[in-house]
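Just so we're on the same page: letters track the sequence lines, and every chain starts at 1.
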2 protein chains.
Amino acid sequence: MTCHLERRIPGTLCRVSEPNTRSPAVAGEPDGDGGLESVALTPPTRVTRSRATLADVARLAGVSAKTVSRVFSGNAYVADQTRDRVMAAANRLRFRPNDLARSLRHGGVANTVGFVMGDITNQFYFQVAAGMERELAKHGITMILAATEDDPGSEERVVETLLNQRVRALVIVPIAADQSYLEGERQLGTPVICVDRPARNLVADAIVLRNRSGTADAVRALVTNGHRRIGFICSPGGLYTHEQRLAGYRDALREAGVTDSRRWERLKDVDGRPDEESARELMALPDPPTAIVAGNNHASAGVIRALGERRSEIAFIGFDDFELADALGISVIAYDTLEMGRRAALRLLERLDDPTGPPQHIEVDTHVIARGSGEIPPAS
Amino acid sequence: MTCHLERRIPGTLCRVSEPNTRSPAVAGEPDGDGGLESVALTPPTRVTRSRATLADVARLAGVSAKTVSRVFSGNAYVADQTRDRVMAAANRLRFRPNDLARSLRHGGVANTVGFVMGDITNQFYFQVAAGMERELAKHGITMILAATEDDPGSEERVVETLLNQRVRALVIVPIAADQSYLEGERQLGTPVICVDRPARNLVADAIVLRNRSGTADAVRALVTNGHRRIGFICSPGGLYTHEQRLAGYRDALREAGVTDSRRWERLKDVDGRPDEESARELMALPDPPTAIVAGNNHASAGVIRALGERRSEIAFIGFDDFELADALGISVIAYDTLEMGRRAALRLLERLDDPTGPPQHIEVDTHVIARGSGEIPPAS
DNA sequence: CTGTTAGCGCCTTCAG
DNA sequence: CTGAAGGCGCTAACAG
């Protein structure tokens, strides 16, 4: 214990933490291992002592290493008495099986899966990660996280890091122009699953949203409500999703016989607040749109800002649901992000069982949630 | 390649993926490894072939294993010519150094850090994870993710999984009643950093928010604006943060000479929409509060729903910023979530350098962002 | 039911 | 500058 150290803390930001229960304060504890089962044997002097190994436990328990191994591997034939003796020794030594060594022995593949996302602060990716993690945890697989920060050039390097850790599979949000560099890995038995956008030049499963027809659904709903002049605003980020959604918008307007839809498309790709500006542009037209569709949540924010007090006049539907959209009565094209991650995980588990099956292109469903803003009729 | 397999896909949800660039369609490619540098040597028949090892590369390059090792470890003395030969052989065999084996040799500790969060779908935790990942990535450390799903009983099991993977350090959002079970690990050299709430009965660094005085700041601002009847709504989740924020609220009211603040505290812990109900309760009082403070983003959503059209009458400030709060003119007590993760990572890196230093209790700053809702004066 | 042998892929000695 | 042996911690394969 380093309790005696806790009193000589210098600085400004640092204070001793104070536990809320049991012992009045950690700093006040006696310098043994208070609260623990007091195994002793652990001299407080040596902070860095090497961990106990199988052999150590075996020695203490008076058995062979293999027997200890059997106890910790679970399903082996070990006499109850022996098992107890081994467990006692293991607890005394704080033994923990080393998964690194175990994995090495098992063909050098770890029990992990790598997830490569783009901009790590984008909550969409994290929801996907969450869905994945939940499913993988059920199967005792842990998830390693890495981010490309949406830099195409870093994808291969990031992936490499994960491969060197011998992940059993890779789930990636493709950002590089080409994923063919992964073909060799796939052949070597590391499945690749793409999320949000498909891979290019690589045979891989893909889990994407129903972008195109999902957007078309929303536009159709507006058309049904009497709208003809419908704006579309999107800041292109992920090219694939963006293209698909734009295509869906056009599909629906074409169906409706609207031929000049291009006039109401605004697809800026500059920084700053292009979406807000785009929305203002549209609203300033001599014949402004009576409804606006946003292609992603970033664009939604811009449009909502631009609409301001005119929120009750112009219909609006945005792709991607968001916190409080419910409370604010904003209609959206929504989907289950967790489900996306779950599907990725499930596909991945299937792949591990059968690496040779054909690649699947899975679309996660989307649906329009009517909350008011999307049901406003055209002004005229 | 399994291209020929792609045509006989059965089902409903599955379609062949179509690349956007270069080759018109993966399914139409010749069955070689199109697009690659065509290293050949990799028979498409054997999907599961074992990976090349250091020894394989050495054999092909006509050198010893150690030489290859030196090349891949970077800073060794290797003749340029030898190096080239080794690299050529490595590329041909698609060699990748096995970090598992490497870590095993290096004292059995991996180059990873484990992050244990609570509810994995809570974006707060993910923002923290994001901040951590960015900082750790700079140091070549990867992050392993695990979640307790806010189940106190699962914490130890989850932590154990990570420890078995020999993470170099643990960052956890404590949820169990007691973290003393980690004391042994700390002594064995695995630092533990707590995020959002401090550990109990364990000497560990903690990175938390400036919960108490941050909340007090907001209440003081309301008081300054003339408010005396100020409600506080919070659904208790994380006990520590909740207690601290409530205490801050009381601090400020006490300072202002308000003695009956308890009447305006609503701290439900049932499921459903307790926060919204709480807000309605407050508004239905004979002398309703002229301002409401929410203790977390969940509570904020409830209050905003409850306020509805009366948003312009009653002042409101919520703890935690959220998407579009800006666009909606909602004042909040905000902080930099990424910074929290960054601080955790930095502390952790320090700890790895100096495992014996005193534990630090670090508070990440909070500040009130005035956007309108919090600046509404009292009605009377 | 338990122990022995050998080796997973790599790297630290220690010699050339 | 390069190579040969041995072992990190664990576990298949084979005995007993």
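- Taking B:R351 as the reference, B:D205 meet the side-chain hydrogen bond (donor to acceptor under 3.5 Å, both in side chains) condition, with sequence neighbours excluded.
- Between A:L346 and A:E135 there is a side-chain heavy-atom pair separated by less than 4.5 Å.
- Side-chain atoms of B:R85 come within 3.5 Å of backbone atoms of B:A61 as a donor-acceptor pair (strictly under, hydrogens ignored).
- From one end of the helix from C:dC1-D:dG16 to C:dG16-D:dC1 to the other, with five pairs defining each end axis, the axis direction shifts by 30° (rounded to 10°).
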Would you sort out whether A:D99 and B:N164 count as a side-chain hydrogen bond (donor to acceptor under 3.5 Å, both in side chains), showing the intermediate values?
CA-CA 5 Å; A:D99 274 346; B:N164 288 355; 4.7 Å; no
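- In this structure, A:S103 reaches neither bases nor backbone, as no heavy-atom distance under 4.0 Å exists between it and the strands shown.
- Counted by atom type alone, B:E155 and B:Q179 present one or more donor-acceptor pairs between their side chains at under 3.5 Å.
- Counting heavy atoms from C-beta outward, A:R96 and A:N98 have side chains that stay 4.5 Å or more apart.
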Readout for nucleotides 8-16 of chain D: B = base within 4.0 Å of protein heavy atom, S = sugar-phosphate only, - = neither; 5' to 3' it is BBBBB----
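- In this structure, a donor-acceptor pair under 3.5 Å is absent between the side chains of A:T112 and A:Q165.
- Counting only residues at least two apart or in different chains, ring pair (Phe, Tyr, Trp, His ring centres under 6.0 Å) contacts with residues 88-107 of chain A comprise A:F72-A:F95.
- B:R347 has a carboxylate O that lies under 4.0 Å from a charged side-chain N of B:E350, or vice versa, which qualifies the two as a salt bridge.
- Sequence neighbours left out, the pairs with a member in residues 145-154 of chain B that pass side chain to side chain donor-acceptor pair (under 3.5 Å) are A:R134-B:E149.
- Nucleotides of DNA chain C with any atom under 4.0 Å from a heavy atom of chain A span, from 5' to 3', C:dC1 to C:dG9.
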